[in-house]
Colleague: 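I have a structure I would like to understand better, so I am pasting it below and will then ask my questions one at a time.
Just so you know, residue 1 is the first one in the sequence shown, and it goes up from there. Only this structure's heavy atoms are used, side chains among them; waters, hydrogens and symmetry mates stay out. Model, not experiment: these values are computed from the prediction.
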Amino acid sequence: MEKTKKITILTAIPDFFDSFLNTSIIKRAIAKKLVEIKIINIRDYTLDKHHRIDSHPIGGGAGLILKCQPIVDALNDNSTLNSLKIITSPRGKTFTQTDAINISKNNDEIVILCGHYEGIDERVFKYFDIEYSIGDYILTGGEIPSLVIMDSVIRLIEGVISEDSIKEETFNSSLVEYPQYTLPYNFNNDYIPDILFSGNHEAIKKYNLKKSLEYTLKYRPDLLKNYEFNKEEKKLLKELESSETPKWEIDAIEKGKKFIKSKKDE
C-alpha cells in the first residue's frame with residue numbers, strides 16, 4: 001500500500017484553507033488516508049510579546065516583512081530531513097505540471113510556506129529547498145499559490161482520481177486537450193462533429209489528436225517551441241493547412257452512418 005502523503009502548510013491565515021479541505025476530491029482523498037494535510041499557524045510560534053510575526057523592513061521601504069524566528073521555529077517543529085520545503089515566491093521557478101508530477105512521485109512529505117505582507121526576511125530562504133511562482137502577477141499572499149501546488153500534486157496521487165482522467169489531460173503530452181462534447185447533438189444550431197458518433201475508435205483517436213494540435217497552435221503555440229512531432233502528427237499538421245476533410249475522416253463517417261443517425265435522433 002502506498003504511503004500517505006503528508007503536506008504541511010505554514011501560514012499566517014489558517015482559516016483560508018477551510019473550504020479547500022472540505023471540498024469534493026480533496027475531502028475524499030483525506031478520508032481515504034491518501035493524503036494528510038496540516039495547517040500550521042505561524043503566529044503560534046512567535047516569541048514576540050505582542051504576538052507579531054512581521055516588522056518594518058530595515059533600511060526603509062513600504063509594507064511589512066515576515067520575521068525569521070516564527071517561520072524557522074514553525075518549520076523545525078513541522079518538518080523532517082525528508083521533507084521537500086517549498087516557499088511560494090514571485091521570484092521563484094514557475095510551477096508546471098512536470099513539477100507536480102515529480103513532487104507527487106518523489107516526495108512523501110511536503111512543507112509549503114505561504115509568503116505574506118510585503119515579503120519574507122531573506123535569511124529564511126536558506127532553510128527551504130525551492131521557491132515556486134504560479135505566474136507573473138502579484139497576489140496578497142502565498143495562500144492561493146499553495147492551494148495550486150497542493151491541488152495539482154494531490155490529484156496525481158494513486159487512487160485520488162481515475163488514471164484514465166490523468167492520462168488524457170492537457171500538458172501531459174505538451175499538447176492542450178482536444179474539445180469534448182455532451183448531448184444533445186444540436187444545441188442552438190451548434191453541432192457535435194459526426195465522426196465522434198461513428199463508432200470508429202481509431203478514427204476518433206486520430207481526430208482528437210488533430211484537434212489537440214489545432215488548439216495548441218491556436219491557444220498555446222509556446223508549448224510547441226521544443227516539441228518533436230512524430231510522423232502521424234506531421235501528417236495531421238499538413239491536413240490542418242488544408243480546408244478539405246481528409247479521406248480517412250470521410251470514410252469513417254460514411255461507415256458509421258447508422259450510428260451517427262441514431263445519436264442524432266436521441
Colleague: Mind checking salt bridge (charged side-chain N to carboxylate O under 4.0 Å, His left out) for E202 and listing every partner two or more places apart, or none if nothing turns up?
Modeller: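 Salt bridge (charged side-chain N to carboxylate O under 4.0 Å, His left out) check on E202 returns nothing, list empty.
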
Colleague: Verify the cluster assignment for I71 and I58: are they in a single hydrophobic cluster under the rule of side-chain heavy atoms below 4.5 Å apart?
Modeller: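 Per the 4.5 Å side-chain linkage, I71 and I58 are not co-clustered.
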
Colleague: For D44, check side-chain contact (heavy atoms from CB on, under 4.5 Å) against everything at least two apart and list the hits.
Modeller: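 D44 satisfies side-chain contact (heavy atoms from CB on, under 4.5 Å) with N41 once adjacent residues are dropped.
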
Colleague: For S212, does its backbone N or O pair with a side-chain atom of T216 as donor and acceptor, under 3.5 Å?
Modeller: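 Checking the backbone N and O of S212 against the side chain of T216, a donor-acceptor pair under 3.5 Å is found.
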
Colleague: Any donor and acceptor pair, going by atom type alone, linking the side chain of T46 with main-chain N or O of P70 inside 3.5 Å?
Modeller: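 Absent.
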
Colleague: With sequence neighbours left out, what residues match N230 under side-chain contact (heavy atoms from CB on, under 4.5 Å)?
Modeller: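 Once residues adjacent in sequence are excluded, the partners of N230 under the side-chain contact (heavy atoms from CB on, under 4.5 Å) criterion are E232, E233.
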
Colleague: Taking only residues two or more places apart in sequence or in another chain, which ones pass salt bridge (charged side-chain N to carboxylate O under 4.0 Å, His left out) with E214?
Modeller: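 For E214 the salt bridge (charged side-chain N to carboxylate O under 4.0 Å, His left out) partners, ignoring immediate neighbours, are K211.
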
Colleague: Taking K85 as the fixed residue, which of L113, I110, L75 is the one that meets the side-chain contact (heavy atoms from CB on, under 4.5 Å) rule?
Modeller: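 Among L113, I110, L75, the one meeting side-chain contact (heavy atoms from CB on, under 4.5 Å) with K85 is L75.
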
Colleague: Salt bridge or not for K247 and D251, using N-O below 4.0 Å?
Modeller: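 Result for this pair is yes, salt bridge flagged.
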
Colleague: Does L47 share a hydrophobic cluster with I40, counting links as ILVMFWY side-chain heavy atoms below 4.5 Å and allowing steps through other members?
Modeller: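 The answer is no; the residues belong to distinct hydrophobic clusters.
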
Colleague: For K210, what residues pass the salt bridge (charged side-chain N to carboxylate O under 4.0 Å, His left out) criterion, not counting sequence neighbours?
Modeller: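 In terms of salt bridge (charged side-chain N to carboxylate O under 4.0 Å, His left out), with neighbours along the sequence ignored, K210 is linked to E239.
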
Colleague: Suppose we screen for side-chain contact (heavy atoms from CB on, under 4.5 Å). Which residues come up paired with T80, at least two apart in sequence or across chains?
Modeller: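 Residues passing side-chain contact (heavy atoms from CB on, under 4.5 Å) with T80: N82, S83, E109.
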
Colleague: Keeping D190 on the side-chain end and F187 on the backbone end, is there a donor-acceptor pair under 3.5 Å?
Modeller: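 The answer is no, because no donor-acceptor pair under 3.5 Å joins these two groups.
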
Colleague: For residues 59-76, which residue pairs pass the salt bridge (charged side-chain N to carboxylate O under 4.0 Å, His left out) check, not counting sequence neighbours?
Modeller: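 Pairs touching residues 59-76 that pass the test: D48-K67.
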
Colleague: Donor-acceptor check, side chain of T4 to backbone of K33, threshold 3.5 angstrom: yes or no?
Modeller: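 Present.
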
Colleague: Taking all non-hydrogen atoms of both residues, which atom of G63 and which atom of P57 are closest, and how far apart?
Modeller: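 Closest approach of G63 to P57, heavy atoms only: O-CD, 3.3 Å.
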
Colleague: For D77, give me all partners under salt bridge (charged side-chain N to carboxylate O under 4.0 Å, His left out), at least two apart in sequence or on another chain.
Modeller: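 Checked D77 against salt bridge (charged side-chain N to carboxylate O under 4.0 Å, His left out); zero matches.
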
Colleague: Taking everything shown except K6 itself, do over 12 heavy atoms lie less than 6.0 Å from its NZ?
Modeller: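 Open: at most 12 neighbouring heavy atoms sit under 6.0 Å from NZ of K6.
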
Colleague: Which residue pairs pass the salt bridge (charged side-chain N to carboxylate O under 4.0 Å, His left out) test with at least one member in residues 119-136, sequence neighbours excluded?
Modeller: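 Those involving residues 119-136 are R91-E122, R91-E131, D121-R123.
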
Colleague: I'd like to check the ring pair (Phe, Tyr, Trp, His ring centres under 6.0 Å) partners of Y132; sequence neighbours left out, ordered by chain and number.
Modeller: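 Testing Y132 for ring pair (Phe, Tyr, Trp, His ring centres under 6.0 Å), a comparison that skips the adjacent residues, returns F95.
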
Colleague: Return a table of donor-acceptor pairs under 3.5 angstrom between the side chains of residues 12-31 and protein atoms on other chains or two or more places apart.
Modeller:
| residue | atom | partner | partner atom | Å |
| --- | --- | --- | --- | --- |
| N22 | ND2 | D18 | O | 2.9 |
| T23 | OG1 | S19 | O | 2.4 |

Colleague: Is there a donor-acceptor contact under 3.5 Å from the side chain of K32 to the main chain of G159?
Modeller: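 Side chain of K32 to backbone of G159: a pair is present.
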
Colleague: Once side-chain contact (heavy atoms from CB on, under 4.5 Å) is applied, do any residues pair with Y181, and if so which ones, sequence neighbours excluded?
Modeller: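 side-chain contact (heavy atoms from CB on, under 4.5 Å) list for Y181, sorted by chain: P179, I192, P193, L196.
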
Colleague: Measure across I130 and K93 and return the closest heavy-atom pair with its distance rounded to 0.1 Å.
Modeller: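 Looking at all heavy atoms of both residues, the closest pair is CD1-CD, 4.4 Å.
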
Colleague: Is a side-chain N or O of S104 found less than 3.5 angstrom from the main chain of I101, in a donor-acceptor match?
Modeller: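 Not a single qualifying donor-acceptor pair exists.
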
